[in-house]
Amino acid sequence: MNLSLKIARRYLFAKKTTNAINIITSISVFGIAVGTAALVLVLSVFNGFEDLIVSMYGNFNPDVKILPAKGKTFDIDSMMLNKLYRIQGVELISQTLEETAFFEYKGSQDVGIVKGIDVFYQDVTHIDSTVREGSFKLQERLEPAGEFRILDGTETNNSSEIPVREWAVLGLGMRNKLQVNVGDLFTSMTVYMPKSKEVGMFEQQFRRLSVQPAGTFVIQQEFNNQYVLTSLDFARELLGVTNAVSALEIKLSDNATQSQVMNAIRQVMGPDFVVKNRFEQEESFLKLMQVEKWLSFAIASLMLLLVTFNMVGALWMVVLEKQKDISILKSMGATDTMVRNIFLNEGLLLCLFGVGIGFALALVIYGAQKSFGLVGMPGNFMIEAYPISMRWIDFMVVAITVIAIGLLASIPPALRAKRVPTIIREE
């Protein structure tokens, strides 16, 4: 062991002649421990919210999403789908089509987004697990044949085909704005879509289809307040298109490497398409969360820096107490650098001691919050207690930060010890 480190450890644990030094040292270690625990818990709470929001978005956003680089839609064919399915790691592909539409229900009107999805969508995103009212269904084939379906405000009756009843699942915000009663099976919701081609003065300016509300989903406020989910056939009929989609939403297999699969998808799709992972689909929101997380960490670090002034005082008093020892060490050949390192090492040991206690304290609070929910969420939130999630990288970041602050606080006392003369006159 380094000699300066040995002496520093001896000074740290040796009984001081002045009891105030022990008290100040204990206070400084306690402050470092509390500050360390606070830093870990701040990062863990933001991690918990991040995991919660990612899981909420995960019920609506897929692992990988393919969008057109220009325009809103593109045509899909079986050849393109076959190429994508041949990529190792691609498990399921869902076709979706969305557009802004006007909705009306029992006199209540609002603008939202109609999103047509195919039968694979709920397996890609698990959207059905977010339904809080009614049920998740988009199409229902009626028996016997000959039942009618409302189409553009007119009734059709085709006995040669099995008729289909169209259903919709609304976000909670859309349900509330339109005052929809999903239990009322006799009232349908009307969806209006402007026609893309120019029409005459006396022709209908909008396509109009009716759909029966089936349920309500709850994910995240942005989605809840805008989206109405329908079948892909319904959305295509509403927009007057045949094979168009807004996006291809892909679920990856469990053992797939996301970056490799995305590179393969980009090669297949070419430069006319944009391929996004789950983070990139909500990049602006998640980046904002990261900024808030590290700003909170910086504020907590500043508070810890103020706490370390106690450690400056404790080390300074140790230097004053050990002046004779320092003088003797210099007389025996100790260099100024060695003396300086003794007190730098003592500051480092104080920090490490405080960091260890802080980590233990953070783990205890983490376990209590996970098990008992010590701190609850205010208001009517979807969870009862603050989410929390620890990551080992955060422990490394906190340890490096605290040790750096501790060493910074140790520099003034160490420089003071360096200036102690070889011979001290006794008064």
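- Side-chain contact between Pro68 and Asp272 is absent, with no heavy-atom pair separated by less than 4.5 Å.
- Heavy atoms of other residues, nucleotides or ligands lying less than 6.0 angstrom from CZ of Phe30 number 12 at most.
- The minimum heavy-atom distance linking Thr401 with Ser301 is given by the pair CG2-OG, 3.8 Å.
- The OG1 atom of Thr96 lies 8.0 Å from the CG atom of Asp118; values are rounded to the nearest 0.5 Å.
- With contacts defined as side-chain heavy-atom distances shorter than 4.5 Å, the pair Glu91/Asp123 does not qualify.
- The distance from atom CH2 of Trp167 to atom CG of Leu229, rounded to the nearest 0.5 Å, is 15.5 Å.
- Between Val40 and Asp394 there is no side-chain heavy-atom pair separated by less than 4.5 Å.
- Atom CZ of Phe186 and atom CD of Gln212 lie 9.5 Å apart (nearest 0.5 Å).
- Side-chain atoms of Tyr85 come within 3.5 Å of backbone N or O of Ile93 as a donor-acceptor pair.
- A donor-acceptor pair is defined here as one N or O able to donate and one able to accept, closer than 3.5 Å; such a pair exists between the side chain of Arg236 and the backbone of Ala244.
- At a threshold of 4.5 Å between non-hydrogen side-chain atoms, the residues Asn224 and Phe217 count as touching.
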Working for ring-ring contact (aromatic ring centres under 6.0 Å, His included), residues Phe74 and Phe273: CA-CA 10 Å; Phe74 61 95; Phe273 295 88; 4.9 Å; yes
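- In this structure, Leu178 and Met174 have side chains that are in contact, with non-hydrogen atoms separated by less than 4.5 Å.
- Qualifying side-chain contact (heavy atoms from CB on, under 4.5 Å) partners for Leu288, counting only residues two or more places apart in sequence or in other chains: Glu292.
- In this structure, Ile127 CD1 and Tyr227 OH are separated by 11.0 Å, a value rounded to the nearest 0.5 Å.
- Within 6.0 Å of the NZ atom in Lys177, the count of heavy atoms belonging to other residues, nucleotides or ligands exceeds 12.
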Test side chain to side chain contact (heavy atoms under 4.5 Å, CB included) applied to Leu170 and Met189, step by step: CA-CA 11 Å; Leu170 296 81; Met189 179 175 63; 4.0 Å; yes
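- By the 4.0 Å N-to-carboxylate-O rule, Arg391 lies close enough to Asp51 to be salt-bridged with it.
- Under a cut-off of 6.0 angstrom, the local environment of CD in Gln290 is crowded, with over 12 non-hydrogen atoms contributed by other residues, nucleotides or ligands.
- Judged by distance alone, with hydrogens and angles left aside, the side-chain atoms of Thr187 form no donor-acceptor pair with the main-chain N or O of Asp184 at under 3.5 Å.
- With respect to Glu249 and Lys115, a salt bridge is recorded, a charged nitrogen being found less than 4.0 Å from a carboxylate O.
- Using bins of under 30°, 30° to 60° and over 60° for the plane-to-plane angle, the ring pair Phe395/Trp392 lands in the tilted bin.
- Side-chain atoms of Ser231 and Glu166 form a donor-acceptor pair, as typed in the model, at a separation below 3.5 Å.
- Within the 4.5 Å cutoff, the side chain of Phe120 has no heavy atoms near those of the Lys251 side chain.
- Proximity of Met390 to Asn47: side-chain heavy atoms (C-beta onward) are nowhere separated by under 4.5 Å.
- Nearest heavy atom pair, residue Pro62 against residue Ile250, reads CB-O, 3.6 Å.
- Side chains of Thr125 and Asn61 form no contact here, defined as non-hydrogen atoms less than 4.5 Å apart.
- Among residues two or more places apart in sequence or in another chain, the salt bridge (Lys or Arg N to Asp or Glu O under 4.0 Å) test is passed with Asp128 by none.
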